[in-house]
Each structure stands twice: as C-alpha cells, then as structure tokens.
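The structure appears right after this line, and notes come after that.
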Amino acid sequence: MQGIFSRNRSLTLLASVVLAQVLLLAFQIKRAHDVRLIRYWAVEIVSPAERGGSWTFSKIGGFWSGYISLRHAHGENERLRAELGQLRLRNATLETQAAEAQRLSVLLGFRDAHTEAPMLAAQVIGASADPASHTLLINRGERDRIRRNMAVITPDGIVGKIVEVFPATAQVLLLTDKDSGVGALFAGTRTHGVIKGTGDPVPRMEYVVNDEKVQPGEVILTSGEDRIFPKGLLIGSVMDTVPGYPFQTIRVSPSARLDRLEDVLVLLSLQELAPKQTGEPSPVVPEAAAAPANPAAAPASPSAPSKRNTETSSPSATPAPAAKPTAAQP
Amino acid sequence: MDYMLNAGSRSDSNIEVYKYYSGAVVLASFLALLLQAFLHKYGHWTELVDLPLLVVIYFGVSRRNPVSGLFLGAVIGILQDGLGHGSPIGLYGIAKTLVGYVASSLGGRIDTENPASRFALVFVLFHFHQIVLVSTERVLLNRPAPFFTLHLLLASFVTSALAVVLFALLDRLRRSS
C-alpha cells in the first residue's frame with residue numbers, strides 16, 4: 001500500500017489537497033459559516049496594492065484630463081478667441097451704427113422742429129490737412145444746393161460757415177479758425193460783440209468794452225448781424241475774461257463739440273429759427289430763457305434793462321456790426 | 001525546439017524544466033490576483049479574462065512539476081475565493097488545483113513554447129477549469145450553473161489570446177541555464 005502511495009505521490013497529494021478543499025467547502029455549507037480568516041488575509045494582502053493602483057490610476061486620469069485632454073481645449077480656446085474677436089468687431093460696428101443713428105435722430109428731430117428754415121443734413125467726411133486751418137469737408141455740395149456763406153450748425157450750437165463749394169462736397173470754416181468771425185451777443189445783457197477765431201480751440205469775443213460786466217458762464221448767441229447766421233443761435237458760453245485796452249478779452253467755450261463733429265446741418269436760408277420748446281439740445285435759445293449762468297449777469301440786475309435797451313437804441317454802448325466789418329463779414 | 005515537439009516520447013529525465021528568478025512566481029501570482037480584483041471595478045469586460053488561471057497554467061507547464069503545480073493552483077484558487085464574495089472558500093481552489101496538476105502533467109508531453117499550442121492548451125484548460133468549477137457548484141453547492149455559454153466561449157478565446165502575449169512576457173522571468 002505504501003508503495004502505491006510513493007509511486008503516485010503527486011496523485012496522492014492532488015487527492016489530498018482536493019479532498020481538503022472539499023471538506024472545507026462541506027464545512028462551510030454545513031455550518032453556513034464562512035472561513036473569514038482566509039478572506040481576511042486575502043484582502044489584507046491585496047488591498048494595499050489596490051489602494052496604490054487606485055491612487056496611480058486617479059493620478060494618471062487626472063494628468064490625462066488635466067493636460068493631455070487640454071489639447072482639444074487649446075484648440076477650442078483658439079476658436080473661441082477668434083469668435084470673440086469677430087463678435088467684438090461686430091459689436092463695435094453696431095455701436096458705431098447705433099451712435100450714428102442717435103446723432104441722426106437728434107438732427108432729424110431738430111430739423112423737424114424747425115420746418116420754417118430749410119436745412120440739409122450733411123456728414124463730415126474730412127478735415128483740413130493744414131494744422132493751422134480749422135476747416136471741415138462735408139459730403140454735400142453744389143448739387144445739393146449748397147452755396148458759400150451758408151451757416152453750418154448742430155443741435156448743440158453753431159459750427160461755422162461754408163467757404164468753398166464743390167460739386168459733391170463743401171468746405172466748412174469752423175468758428176475757431178483765425179479767419180472766422182460771427183456776430184454775437186450776450187443772451188442776458190444783449191451786449192453785442194464779435195466771436196473771432198484764434199486758431200486754437202478757444203475763440204474770443206471781441207469789441208466788448210471793459211465797463212461791460214461779463215461773468216464766466218454767460219451764454220452767447222448769434223446776433224444775426226453778419227447775415228450768415230440767423231439771430232438767436234447758440235454759440236457758446238464765456239470761459240473767462242481779461243481786461244484789455246480798449247476792449248476786454250473774452251474767451252469763449254463753443255457749445256458745439258467742434259473736435260468730434262460727424263453730422264451737421266447746413267442752413268439753406270437766413271430764415272430765423274423759432275425757439276424750440278422741447279427738452280432736446282437746440283442752438284436756438286428763447287430770449288426769456290437765455291439767462292446767464294451767473295446770477296450777477298442775470299437780467300434781474302438793475303443794469304440789465306439799460307443794456308437791453310442799448311441793443312436797439314444806443315449803438316455806442318454796444319459796438320454795432322457795421323463798426324466791425326472785418327468781424328461781421330468773415 | 002524540435003525536441004520539445006517530441007517531448008512526449010522522451011523519458012522524464014530529458015524534459016527541460018525552466019527555472020525562474022526568486023520571487024517571480026509569487027510576484028506574478030500576486031499581480032494576477034491584484035489585477036483581477038482591481039480591474040474588475042473598471043468594467044465587466046474583465047470577466048472575460050482569468051489572469052490567475054493563466055498564471056497557474058503557465059508555471060504549471062513551465063516547471064513541469066505536478067506537486068508544485070497543484071499547490072500553486074490551490075493557493076491561487078483559495079486566494080481568489082477569498083477575494084470574492086458569496087462563494088465559499090475552495091470553489092476556485094479545487095478547480096485551479098486540478099488545472100495546475102493537469103498543466104504540469106501536460107507540460108512535459110506537448111510543446112508549450114509555440115504560440116498556437118499555448119493558445120490551444122489554455123483554451124482546453126479554460127474549459128476544463130470551467131467544467132470542474134461548475135461540477136463542484138452543482139454537486140456540492142447545488143447551484144444550477146451552465147457548463148457552456150457563448151459568454152464562456154468568448155471568454156475562453158479572449159483568455160487564450162491573452163495567454164499568448166502574457167506567456168511571452170513571463171518567459172522573460174526565466175533564469176538562463
């Protein structure tokens with residue numbers, strides 16, 4: 001018997017091992033009891049490596065999603081950047097169009113409010129190449145019934161006058177040009193003078209005697225004596241005054257933004273514009289509302305009535321346009 | 001190689017037995033169990049592969065020692081049972097013990113170096129393992145498990161194909177004689 005076992009040692013071992021496991025199975029089934037010790041050690045042996053594997057996999061996954069996959073994110077980012085650039089460009093175009101529509105709306109509203117005076121909207125298409133010359137080029141010309149010495153205004157105030165007319169364009173001399181002159185008067189005191197360009201952005205009001213009390217902020221209107229601008233259009237306001245001999249020097253801040261003009265109106269006649277009663281900007285100032293910003297220069301002051309009287313009755317108190325032909329006839 | 005093809009006709013003293021670096025068997029067995037347990041959480045596709053079975057077969061046919069083969073199969077099978085849940089300890093142990101023994105016995109009789117023979121050997125032993133497993137389940141546990149399904153057939157092909165690659169890698173663990 002022992003010889004058989006020794007000859008078939010491996011088979012004997014096989015049978016023993018299998019039998020042992022069968023008994024183990026039978027034990028578990030009979031007792032309905034698990035061999036917890038084996039499971040415990042099997043898990044204890046493998047679980048540390050499993051934790052390490054999970055950590056490694058999560059790191060690899062994180063690296064993949066955080067770096068390798070970002071290859072596509074980079075391409076998408078480039079595409080979105082390009083799209084953003086296009087949208088910004090489109091937005092800028094739309095904003096420009098909206099601003100243009102706004103300006104044209106104001107111009108149209110102004111023109112509609114003053115139907116008594118024929119006027120033509122024009123677009124500023126260029127400026128002078130000469131730095132010393134303050135002129136603009138508009139897209140209206142002889143074909144549009146534009147003639148020399150027509151007034152050019154905006155709803156904010158006067159701009160200048162037409163000095164050259166071409167078939168499809170016209171040149172506008174701004175009131176800041178040194179060759180420019182506009183008959184003017186103070187809205188409050190009705191004292192007359194002439195607005196003369198100086199070649200810099202700040203024109204001056206001349207021919208106002210030193211005795212005349214002029215306060216900064218006082219509103220200046222066109223007097224109509226130059227036969228170019230209808231009476232009562234807003235020119236600007238007083239910046240400051242300096243006594244001089246024989247006249248004081250008054251620096252004027254133009255109401256129209258002459259450095260950023262895009263659309264203007266050309267008055268086709270000398271017809272006076274009726275004062276506008278809306279809240280929109282208007283170069284036409286009602287006489288009753290044309291009070292100076294400074295209360296000292298208000299018509300309520302004792303001197304105001306006398307000054308107002310001098311406008312019509314006393315040429316000596318206020319220089320008449322006829323006395324200043326160079327200024328009144330630019 | 002030629003003598004391996006005729007290994008069955010030679011005496012046992014002429015059978016070439018491969019030696020491995022120390023710890024190679026333990027390391028390979030551990031990695032097989034680890035990967036089987038670890039990869040299972042990444043998808044059911046891992047059910048198509050039985051890595052511990054491949055390790056038992058490989059070292060069985062390479063070392064050609066039925067005793068060590070059956071013990072290796074028993075240990076790996078019991079640990080595989082231990083890492084599972086719901087099945088009693090010994091189910092895989094019995095199946096892999098028998099596979100280890102059979103693989104060791106066959107290792108000296110057929111060519112185990114050729115990829116095609118490796119594929120065929122693993123394919124046959126896979127189903128042998130399955131037959132033992134299902135028989136044990138039916139007889140001892142009274143569980144009506146099927147002997148053959150299409151899923152098992154697919155698993156046997158996948159495991160056999162993987163064996164060809166895996167065995168080539170494990171060959172590198174051999175110690176040069």
Side-chain angles (χ1 to χ4, degrees), chain A residues 1-70, chain B residues 12 26-27 29-42 52 60 64-102 104-105 132-133 135-137 139-143:
Chain A
M1 189 68 174
Q2 194 172 359
I4 296 171
F5 281 128
S6 63
R7 278 199 297 273
N8 301 299
R9 181 171 153 264
S10 60
L11 267 176
T12 307
L13 278 173
L14 174 65
S16 303
V17 171
V18 170
L19 183 63
Q21 293 183 80
V22 169
L23 289 174
L24 185 63
L25 272 174
F27 170 77
Q28 294 172 76
I29 295 163
K30 180 80 175 175
R31 299 287 181 89
H33 191 273
D34 199 10
V35 187
R36 183 170 164 69
L37 189 65
I38 295 174
R39 290 195 194 280
Y40 178 83
W41 280 108
V43 172
E44 282 297 303
I45 288 168
V46 172
S47 59
E50 277 191 303
R51 274 199 293 275
S54 291
W55 183 84
T56 307
F57 266 57
S58 68
K59 290 298 175 188
I60 291 172
F63 176 76
W64 181 269
S65 59
Y67 295 94
I68 307 298
S69 294
L70 285 182
Chain B
D12 285 353
V26 175
L27 183 65
S29 305
F30 176 75
L31 283 177
L33 286 167
L34 175 68
L35 287 174
Q36 190 73 29
F38 179 70
L39 293 178
H40 191 70
K41 71 177 183 179
Y42 289 103
R64 288 152 188 167
N65 185 335
V67 176
S68 64
L70 75 91
F71 274 114
L72 180 64
V75 171
I76 289 179
I78 287 172
L79 286 175
Q80 195 173 359
D81 282 324
L83 290 173
H85 180 73
S87 294
I89 303 292
L91 199 61
Y92 277 95
I94 293 170
K96 284 191 166 51
T97 300
L98 291 170
V99 168
Y101 180 83
V102 172
S104 303
S105 304
V132 175
L133 198 66
S135 301
T136 310
E137 278 191 285
V139 174
L140 294 178
L141 303 179
N142 197 26
R143 286 181 185 170

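In this text the structure is predicted, and so the values were computed from the model without any measurement. By convention in this document, chain letters (A, B, ...) are assigned in the order of the sequence lines, proteins followed by strands, and residues within each chain are numbered from 1.
We find the CG-CG distance between A:L23 and B:L140 to be 10.0 Å, quoted to the nearest 0.5 Å. Taken to the nearest 0.5 Å, the CG atom of B:D81 stands 7.5 Å off from the CG atom of A:L25.
Partners of A:L11 under the side-chain contact (heavy atoms from CB on, under 4.5 Å) rule, at least two apart in sequence or in another chain, are A:N8, A:L14, B:Y101.
Proximity to chain A is absent for every atom of B:S104, based on heavy atoms less than 4.5 angstrom apart.
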Pairs under 3.5 angstrom only: tabulate donor-acceptor contacts from the side chains of residues 67-79 of chain B to other protein residues two or more places apart or in another chain.
residue	atom	partner	partner atom	Å
B:S68	OG	B:N65	O	3.0

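Heavy atoms only, all atoms of each residue included: B:T97 and A:Q21 are closest at OG1-NE2, 2.9 Å.
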